[in-house]
Each structure stands twice: as structure tokens, then as C-alpha cells.
Amino acid sequence: MNSIILLSVLGLGNLFLGFRRSNRLLLPVMMLILGGVLTVNFLDWGSTQSFFNGMLTIDNFSVAFTGIVLLTALVLVPFSQKYVLDGESNLAEYYSLLLFSLVGAIMLVSYNHLLMLFLGIEILSVAMYVLAGSDKRNLRSNEAALKYFLMGAFFTGVLLFGLALVYGATGTFVLSEISFAVQNPAPGFESLKPMLYIGMLLMLIGIGFKVSAAPFHFWTPDVYEGTPTFFAAFMSTIVKTAGFAAFLKLLVQAFPAANAQGIWLPTLTAMCVLTLLIGNVGAVAQTSIKRMLAYSSISHAGYLLIALVAYNGQLEGASANGILFYSLAYSVATVAAFGVVKLVADARQREDYNGLNGLAKTNPLLAFSLTVSMLSLAGIPLTGGFFGKFFVFSAAVENGYIGLVVFAVVMSMVSIYYYLRPIIAMYMRDTDATTAEAVPVTTFQAGALLLLAALTVLLGILPGLVAGAL
């Protein structure tokens with residue numbers, strides 16, 4: 001709860017810094033805010049606290065996922081330095097919107113009441129709608145914001161309708177009370193089961209849209225491509241981490257396997273297979289790096305769905321730990337990838353693979369950082385991505401989903417093709433007139449890239465630092 005209060009208050013305070021004529025104070029203040037809130041967050045480790053009559057619960061689960069969300073934002077902020085150097089007039093507003101969106105993300109990982117789930121999604125989403133269209137003079141950014149807003153509003157309605165139906169069937173919004181009502185049906189409950197099941201499916205669809213799960217993924221490539229790269233990275237990591245934490249909490253605490261698995265399991269399994277297939281095959285055909293990363297985001301939603309399919313009914317089990325580790329490894333690698341893409345696009349005005357030609361010669365650090373992130377996203381050993389997939393696949397195998405794991409491994413082999421394309425361009429192709437100059441990189445950004453690469457390798461060598469935390 002302290003994290004939510006601090007982010008809200010400091011987000012409002014940050015707006016007043018926008019009255020200054022210089023932006024140079026905004027970036028270090030943003031870093032201090034995120035670093036301070038991250039520290040305060042872990043002070044709640046080992047304790048359980050409830051707020052607003054139990055609507056929000058702060059426990060180890062919420063603290064761990066909040067830590068990933070805040071750490072991701074902290075290592076992402078240095079790549080907004082160009083806004084500072086260019087004198088962006090709305091930078092204070094952008095930073096405050098990011099802080100407010102983090103409040104929504106924390107609510108998503110801490111909710112114990114369906115209304116808090118809805119509020120968290122809306123706080124997070126509204127900020128993203130605005131930031132997607134922040135490049136007001138760019139038609140692609142305007143298109144991305146419009147598509148995201150219209151489709152997001154529609155699926156929010158679907159989610160809200162699902163909440164209403166679940167409430168109508170169970171008479172409560174509290175997760176534990178919903179679980180009790182499902183496991184201990186009152187007289188006449190049989191006639192309400194169709195309402196409950198339809199509500200569950202509508203909620204699954206609504207959250208599936210937020211995490212880019214197929215067949216509700218169709219907005220992702222266009223929105224990621226049009227959204228400014230810095231905010232697309234935020235959308236690809238923090239929204240997905242918070243969304244899957246909320247998904248897992250809903251599945252485990254509200255709809256236990258004994259009564260609801262017959263509804264959840266077939267739908268989740270179909271979504272998982274479809275997401276893996278569309279995400280990986282779609283990425284192969286892309287020529288834009290941002291669109292490839294968008295399809296990559298879809299495919300990784302598929303791997304995280306495997307952990308949901310294989311959950312064991314506990315919030316501290318193998319599936320929860322798999323999602324926690326995978327979210328951290330994925331977020332670190334994706335921030336590094338988007339960071340390099342942003343720096344290259346700012347300097348060379350290109351977002352295709354050819355824009356990376358010869359980068360190993362002109363900017364060895366950028367090439368090294370992008371290589372490490374691509375290898376991690378592909379799941380190559382000695383990177384965090386390898387153990388992320390290992391933990392998720394292990395949880396699925398333990399619960400008998402061997403066929404699903406085999407399919408996921410095949411899709412992982414497909415992903416190696418499109419993850420190696422940037423590496424080939426950087427190390428095996430010569431520069432041309434548009435790629436001959438070195439890409440400007442500040443010391444601050446270089447330090448962030450080195451930190452991200454080190455974290456990726458550290459997670460690949462010492463996974464026990466995070467694995468089993470829940």
C-alpha cells in the first residue's frame with residue numbers, strides 16, 4: 001500500500017516540475033522516485049496486510065510482482081533521455097502518467113476484490129491510451145492510440161459484463177467468497193451455473209486482450225509499431241507482467257480447479273496453442289523490428305499461458321514461481337531490445353533489420369546488448385530466458401501436459417530464426433550510407449544496457465536468486 005500512496009503523491013508532485021523551463025531535473029527525479037518506491041516495496045516482504053476492508057492484500061506474491069514492475073520501469077527510464085535533450089514540452093506529464101499507470105499495475109497484483117481488478121486495469125489502460133498517441137504529429141501514433149482505445153474500451157466492456165455475471169451467480173465480488181460459493185453450492189445454484197460459466201469466459205476474454213493472448217491479439221502489432229518505442233517497451237513488459245499476475249490470482253483464488261477446470265482448462269489450452277502459433281509464425285514474416293518484437297510479445301504470452309494451464313491450485317506453487325521468474329527474465333531482455341531499437345531508430349530513422357547492418361563495428365556495446373537480449377528471448381542457455389522456459393515447461397510436465405510442452409519447444413525452435421536475424425545483420429552485414437555513422441549513446445544509457453545484459457546473464461547462471469521466491 002505504501003508503494004501505491006508514494007506513486008500517487010509523487011506522480012502529482014512530478015507534474016509541478018513541468019512548470020520549470022528545463023527538463024534536466026525530470027529524469028533524475030523520476031529515477032529517485034522509482035528507486036525509492038522499489039526499496040519501500042520490499043519492506044513489506046514477509047508480512048500480510050489488507051486494506052479497504054480486504055479489497056487489496058499486500059503479501060509476498062504482490063510484493064514480488066510489484067518489484068518486477070518497478071524494476072522494469074527503473075531500467076527503462078534512461079531510454080527516455082532523448083526527450084530531455086530535445087526539450088519535450090510534455091515530459092513531466094508523460095512521466096506522471098507512467099507513475100499513475102504503475103499504481104494500476106500494483107492494484108492488479110494485489111487485488112482481492114473484482115472491483116479492484118477492474119479499477120487497476122482501467123488506471124493502467126487509460127494512461128497507456130494517452131501515451132500511445134503521445135507523438136501527436138505522427139499519424140502512426142494517432143492511429144495506434146485510436147485502435148488501442150477503441151478496442152480496449154470494447155474489451156473492457158466484455159470484462160465488466162463478465163464481472164456482472166459472476167456477481168449475479170455468486171452474490172459477491174470477493175475472490176475467496178466466489179471460491180466458497182463455487183465449491184459449496186447453495187440450493188438453486190445449479191440454475192445459475194450457466195451465468196457463472198459465461199461470466200468466467202467473458203473475464204478470460206477481457207484479460208486475454210490485455211496480455212495480447214490470441215485470438216485477442218490483433219491490436220498488438222499495429223499499436224506497438226505506431227506507439228513511440230519508449231512507451232511500447234513499457235506496454236510490452238509492465239502491462240504483461242501485471243496482467244498475468246492478475247490472471248493467476250483470479251484463476252487460483254476465485255475459480256478453483258475442482259469446480260471450474262472444465263470451463264477454464266479447455267479454453268486456456270486452446271488460447272495457449274493459438275497464441276504460440278500466431279506469435280512465432282507471425283514474427284517470422286516481419287521486416288520491421290518493432291513488429292517482430294510485437295509478435296514476440298504475443299508468443300511469450302503463450303509461454304506464460306502454459307504456466308496458467310499447469311497451475312496446481314496454489315498461489316505459491318511451481319506455476320506462480322515460473323510466471324514470476326519468466327516475467328523478470330522476459331522484461332529485462334525486452335527492455336534491452338526496445339532500448340537498442342529506440343537508439344538506432346532515433347539516429348538512423350530506420351526500424352527494419354537493415355537499419356542494424358554493421359552495428360557491431362560502429363557500436364559494439366549496442367550490438368552486444370541486443371545479442372544478449374535476443375538469445376534470452378530465444379531461450380538459449382546461460383541466459384535468464386532459458387531458465388524462464390525451463391521452469392514453465394517443468395511445471396507443465398509435472399502436471400501431465402507433455403504434448404503442450406512438445407508443441408511449445410517446437411515453437412521455440414521456430415523463434416530462433418527471427419531472433420537470429422538482428423544478430424546476423426549486426427555482425428555479418430556491412431554498413432551502407434545510412435548506417436555508417438555510430439549511433440549516439442549517452443553514458444547513462446550505456447550503463448543501463450550493461451546492467452540489463454548483466455542481469456540477463458546472472459539469471460541464466462544463478463536462477464536460484466529468484467526461483468522459488470514464492
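Only a predicted model underlies this, so the values are computations on that prediction, with no experimental measurement involved. Atoms considered below: every heavy atom in the structure, side chains included; atoms not considered: hydrogens, waters and symmetry mates.
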Item to check | F368 CZ: over 12 foreign heavy atoms closer than 6.0 Å | outcome: no
Item to check | Minimum heavy-atom distance M235-A132, with the two atoms named | outcome: CE-CB, 4.5 Å
Checklist outcome for this item: Shortest non-hydrogen pair, F231 vs L131, comes out as CD1-O, 3.6 Å
Next on the checklist: Is it true that S141 and K136 share a donor-acceptor pair across their side chains at a distance under 3.5 Å?
Outcome noted: no
Checklist outcome for this item: Per side chain to side chain donor-acceptor pair (under 3.5 Å), Y330 is matched among S236, S376, S296 by S236
Next on the checklist: Please tell me whether Y95 and S80 have a donor and an acceptor in their side chains that are separated by less than 3.5 angstrom.
Outcome noted: yes
Next on the checklist: Looking at L328, is its backbone amide N or carbonyl O close enough to the side chain of S331 to form a donor-acceptor pair, meaning the two atoms are under 3.5 Å apart?
Outcome noted: no
Item to check | Cationic tip of K240 above Y303 ring, under 6.0 Å, 45° of axis | outcome: no
Next on the checklist: Which label fits F390 and F387: parallel for a plane angle under 30°, tilted from 30 to 60°, or perpendicular past 60°?
Outcome noted: perpendicular
Next on the checklist: Tell me whether the count of non-hydrogen atoms from other residues, nucleotides or ligands lying under 6.0 Å of CZ in F218 goes above 12.
Outcome noted: yes
Checklist entry - Is it true that the side chains of S176 and Q253 contain a donor and an acceptor less than 3.5 Å apart? => result no
Checklist entry - With distance as the sole test, does N399 use its side chain to make a donor-acceptor pair with the main-chain N or O of A310 at under 3.5 Å? => result yes
Next on the checklist: Minimum heavy-atom separation for G384 and L459, please, with both atom names.
Outcome noted: CA-CB, 3.7 Å
Next on the checklist: Between T66 and V63 (side chain of the first, backbone of the second, donor and acceptor by atom type, cut-off under 3.5 Å), is there such a pair?
Outcome noted: no
Checklist entry - Who are the side-chain hydrogen bond (donor to acceptor under 3.5 Å, both in side chains) partners of T48, not counting sequence neighbours? => result none
Next on the checklist: I'd like to know if the side chain of N60 and the backbone of G46 have a donor-acceptor N/O pair within less than 3.5 Å.
Outcome noted: yes
Item to check | Shortest non-hydrogen contact from K249 toward T57 | outcome: NZ-O, 4.2 Å
Next on the checklist: If the test is side chain to side chain contact (heavy atoms under 4.5 Å, CB included), which one of V335, V340, T334 qualifies with F338?
Outcome noted: T334
Checklist outcome for this item: Interatomic distance, OG1@T287 vs CZ@R421, rounded to 0.5 Å, equals 7.5 Å
Checklist entry - Which heavy atom in G162 sits nearest to a heavy atom in M203, and how many Å separate them? => result C-CG, 3.8 Å
Checklist entry - So F155 and F209, would you call those rings parallel, tilted or perpendicular, with 30° and 60° as cut-offs? => result parallel
Item to check | Main-chain N/O of E93 paired to S96 side chain as donor or acceptor, under 3.5 Å | outcome: no
Checklist outcome for this item: Tightest non-hydrogen contact, residues K389 and A378, listed as NZ-O, 3.4 Å
Checklist entry - Any chance CZ of F161 has more than 12 other-residue heavy atoms, nucleotides or ligands included, within less than 6.0 Å? => result no
Item to check | L159 side, atom CG; E122 side, atom CD - distance, nearest 0.5 Å | outcome: 8.5 Å
Checklist entry - Looking at the rings of F61 and F65, which for Trp means the six-membered one, are their centres under 6.0 Å apart? => result yes
Next on the checklist: Checking D222 against R291 for the salt bridge (Lys or Arg N to Asp or Glu O under 4.0 Å) test, could you report, in this order, the C-alpha distance in whole Å, the side-chain angles of both residues, the deciding distance, and whether it holds?
Outcome noted: CA-CA 8 Å; D222 291 341; R291 288 186 71 88; 2.9 Å; yes
Item to check | OG-CG distance between S299 and L276, expressed to the nearest 0.5 angstrom | outcome: 7.5 Å
Item to check | Candidate pair S212 and T220, rule side chain to side chain donor-acceptor pair (under 3.5 Å), full reasoning | outcome: CA-CA 7 Å; S212 303; T220 309; 3.2 Å; yes
Checklist entry - Side chains of D352 and S288: is there a donor and an acceptor less than 3.5 Å apart? => result no
Next on the checklist: For Y326, give me all partners under side-chain hydrogen bond (donor to acceptor under 3.5 Å, both in side chains), at least two apart in sequence or on another chain.
Outcome noted: H300
Item to check | F149: partners by ring-ring contact (aromatic ring centres under 6.0 Å, His included), with sequence neighbours left out | outcome: Y129
Checklist entry - Got a salt bridge between K290 and E225, using NZ or NE/NH1/NH2 to carboxylate O under 4.0 Å? => result no
Checklist entry - When you look at N280 and Y418, which way does the side chain to side chain donor-acceptor pair (under 3.5 Å) test go after all the steps? => result CA-CA 9 Å; N280 286 289; Y418 58 82; 2.7 Å; yes
